[in-house]
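Beneath this line is the structure, given in structure tokens, with notes to follow.
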Amino acid sequence: MGYDLIIFDNDGVLVDSEPISNRILAAQLTELGHPTSYEESIRDYMGSAMHRIHELVLERTGQRLPADFDDVFHARVFAAFERELKPVAGVDSVLEKLVADEVAYCVASSGSHDRIRVGHRATGLDRWFAAERVFSSQDVGRGKPAPDLFLYAAERMGVAPERCLVVEDSPLGVQAAVAAGMDVYGFTAMTPAERLADAAQLFSSMGELADLLVRPGA
């Protein structure tokens, strides 16, 4: 294996949550007088920490979202996760390969720790991700596209950035990984390939990922 640490994004990479959360986000913003389609939510907010949603709405409309916006959103999303959420197809096989090859891995997500835990419990992925393997934008001052979260995860896992590979499905995440000096592979299941053009490799199914986990020349 050509890397010492594989850092997974969570939403859309480990758990198939992006359709659920963006459907709910679009509906909630529309309810509040900020008409947003599902497609616009994917385009504008996928991969964002909650503070970035607030910042974009304020920048575009001059209006602040309500103080309880995050709590309402998370309550709706967590309830939907319990009913609907599935792991991304094939991700268990990738994790099994990493364990068999004794390669360290973790998750670094723009989502809150609560969101990560709820999603992992609902999908059974909690068996792969003990607390010491879970990192959230809550742990750092700036979320993606800043490199802080990925650098923090690498530091906590004891691996130099240049020995890390990030697996991402959002343009913000790819930008963050590149800024952190890490290789990044872009998952194109939901995101057009051209929006992940800065990734070192692109793949469209988890079945392809295991074959890509050896860095050229390593």
Can you find a pair of side-chain heavy atoms, one from [X] and one from [Y], that are under 4.5 Å apart?
X    : Y    : value
L58  : E55  : no
V184 : V178 : yes
I116 : F129 : no
E96  : W128 : yes
P171 : L196 : yes
V166 : D183 : no
L5   : C106 : yes
L213 : I6   : yes

Minimum heavy-atom separation for [X] to [Y], with atom names?
X    : Y    : answer
F135 : A153 : CD1-CB, 3.6 Å
S204 : E208 : OG-OE2, 2.7 Å
G2   : R163 : O-NH2, 3.3 Å

Pairs under 3.5 angstrom only: tabulate donor-acceptor contacts from the side chains of residues 18-26 to other protein residues two or more places apart or in another chain.
| residue | atom | partner | partner atom | Å |
| --- | --- | --- | --- | --- |
| E18 | OE1 | N22 | ND2 | 2.9 |
| S21 | OG | S17 | O | 3.1 |
| S21 | OG | R115 | NH2 | 3.2 |
| N22 | OD1 | S41 | OG | 2.7 |
| N22 | ND2 | E18 | O | 3.0 |
| R23 | NH1 | E84 | OE1 | 3.4 |
| R23 | NH2 | E84 | OE2 | 3.1 |

salt_bridge(R121, D126) N-O dist < 4.0 Å
no
Donor-acceptor list for residues 59-66 side chains, cut-off 3.5 Å, not counting sequence neighbours:
| residue | atom | partner | partner atom | Å |
| --- | --- | --- | --- | --- |
| R60 | NH1 | D44 | OD2 | 3.0 |
| T61 | OG1 | V57 | O | 2.7 |
| T61 | OG1 | Q63 | N | 3.1 |

[atom1]-[atom2] distance between [X] and [Y], expressed to the nearest 0.5 angstrom:
X    : Y    : atom1 : atom2 : answer
L29  : S37  : CG    : OG    : 10.5 Å
E194 : L202 : CD    : CG    : 10.0 Å
F8   : L125 : CZ    : CG    : 10.5 Å

Hits for ring-ring contact (aromatic ring centres under 6.0 Å, His included) against F187, two or more places apart or cross-chain, chain-then-number order -> F203
[X]: salt bridge (Lys or Arg N to Asp or Glu O under 4.0 Å) partners, not counting sequence neighbours:
X    : value
E82  : none
D16  : none
D114 : R117
R43  : none

[X] side chain to [Y] main-chain N or O, any donor-acceptor pair under 3.5 Å?
X    : Y    : result
S136 : D139 : no
S137 : A49  : no
Q138 : H113 : yes
T30  : T36  : yes

Please walk me through it: do V15 and V88 pass side chain to side chain contact (heavy atoms under 4.5 Å, CB included)?
CA-CA 5 Å; V15 295; V88 169; 5.6 Å; no
Contacts satisfying ring-ring contact (aromatic ring centres under 6.0 Å, His included) that involve residues 10-35 (not counting sequence neighbours) are none
In short, ring-ring contact (aromatic ring centres under 6.0 Å, His included) pairs touching residues 161-182 with sequence neighbours left out are none
In terms of hydrophobic clusters joined by side-chain contacts under 4.5 Å, are [X] and [Y] together?
X    : Y    : result
V107 : V140 : no
I53  : I42  : no
L14  : L165 : yes
M190 : M206 : no
L149 : Y3   : no

Residues passing the side-chain contact (heavy atoms from CB on, under 4.5 Å) test with A176, sequence neighbours excluded, are K144, F150
Working for side chain to side chain contact (heavy atoms under 4.5 Å, CB included), residues R127 and D92:
CA-CA 10 Å; R127 71 190 179 102; D92 279 292; 3.4 Å; yes
*Could you tell me whether R133 sits above the aromatic face of Y105, with NZ or CZ closer than 6.0 angstrom to the six-membered ring centre and within 45 degrees of the axis?*
yes
Practice prompt. Any chance you could lay out the side chain to side chain contact (heavy atoms under 4.5 Å, CB included) test for M182 and E162, step after step, and finish with the verdict?
Written response: CA-CA 5 Å; M182 300 176 180; E162 62 270 19; over 6 Å; no
What side-chain donor-acceptor pairs closer than 3.5 Å can you find for residues 154-161, not counting sequence neighbours?
| residue | atom | partner | partner atom | Å |
| --- | --- | --- | --- | --- |
| R156 | NH1 | Y152 | OH | 2.6 |

What do you reckon, is CD of E102 surrounded by more than 12 foreign heavy atoms closer than 6.0 Å? no
Distance-only donor-acceptor hits, side chain of residues 67-75, under 3.5 Å, sequence neighbours excluded:
| residue | atom | partner | partner atom | Å |
| --- | --- | --- | --- | --- |
| D70 | OD1 | H54 | NE2 | 2.7 |
| H74 | ND1 | D70 | O | 3.0 |

The single option from L172, D169, D11 that satisfies side-chain contact (heavy atoms from CB on, under 4.5 Å) with M46 is D169
